[in-house]
Amino acid sequence: ESLSDYIQVNTIGEPIVSKEKISNLAGELPDTFIRIHRSFIINKEKIRSLSYDEVMVGDVRLTIGRSYRKAVKDSLRVVSQQIPRISTDE
């Protein structure tokens, strides 16, 4: 997660804070990670549900940025068949 001039990596344990740029981090992560927004990179294996413009990672609902939607859709094409859709009945 990009926060102003630093990033916060949310892990199972404690969050890790670094001055690294999110764009640099995105280029160094394995293919199981995908950038979905200018502020968010997620682990595709942790997606609980998915819609056109949102993903649920754990209990957190994140917006897929407009400029990232096509890349996210293409990257998750095979995986998305196994991911439940986010309900819009809220």
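Note on I7: it clusters hydrophobically with I16, by side-chain heavy-atom contacts below 4.5 Å among ILVMFWY residues.
Counting heavy-atom neighbours within 6.0 Å of R69 CZ, excluding the residue itself, gives a total above 12. Within a 6.0 Å radius of CG in D31, no more than 12 heavy atoms belonging to other residues, nucleotides or ligands are found.
Considering only residues two or more places apart in sequence or on other chains, N43 meets the side-chain hydrogen bond (donor to acceptor under 3.5 Å, both in side chains) condition with none of them.
Among residues at least two apart or in separate chains, ring pair (Phe, Tyr, Trp, His ring centres under 6.0 Å) pairs with a member in residues 5-46 are H37-F40. Judged as a side-chain hydrogen bond (donor to acceptor under 3.5 Å, both in side chains), the pairs with a partner in residues 12-22 (not counting sequence neighbours) are, in order, D5-K19.
From L25, atom CG reaches atom CD1 of I41 across 4.5 Å, with rounding to the nearest 0.5 Å. To the nearest 0.5 Å, atoms CG (L76) and CD1 (I34) are separated by 5.0 Å. To the nearest 0.5 angstrom, S51 atom OG is 10.5 Å from M56 atom CE. Here the NZ-CG distance, from K73 to L50, works out to 11.0 Å after rounding to the nearest 0.5 Å.
Between R35 and I22, some side-chain heavy-atom pair lies under the 4.5 Å cut-off.
Considering V55, V57, D59, V60 in turn, D59 is the only one that fulfils the side-chain contact (heavy atoms from CB on, under 4.5 Å) rule with R48. The side-chain contact (heavy atoms from CB on, under 4.5 Å) test with I42 singles out one residue from L62, I64, V72, and that residue is L62.
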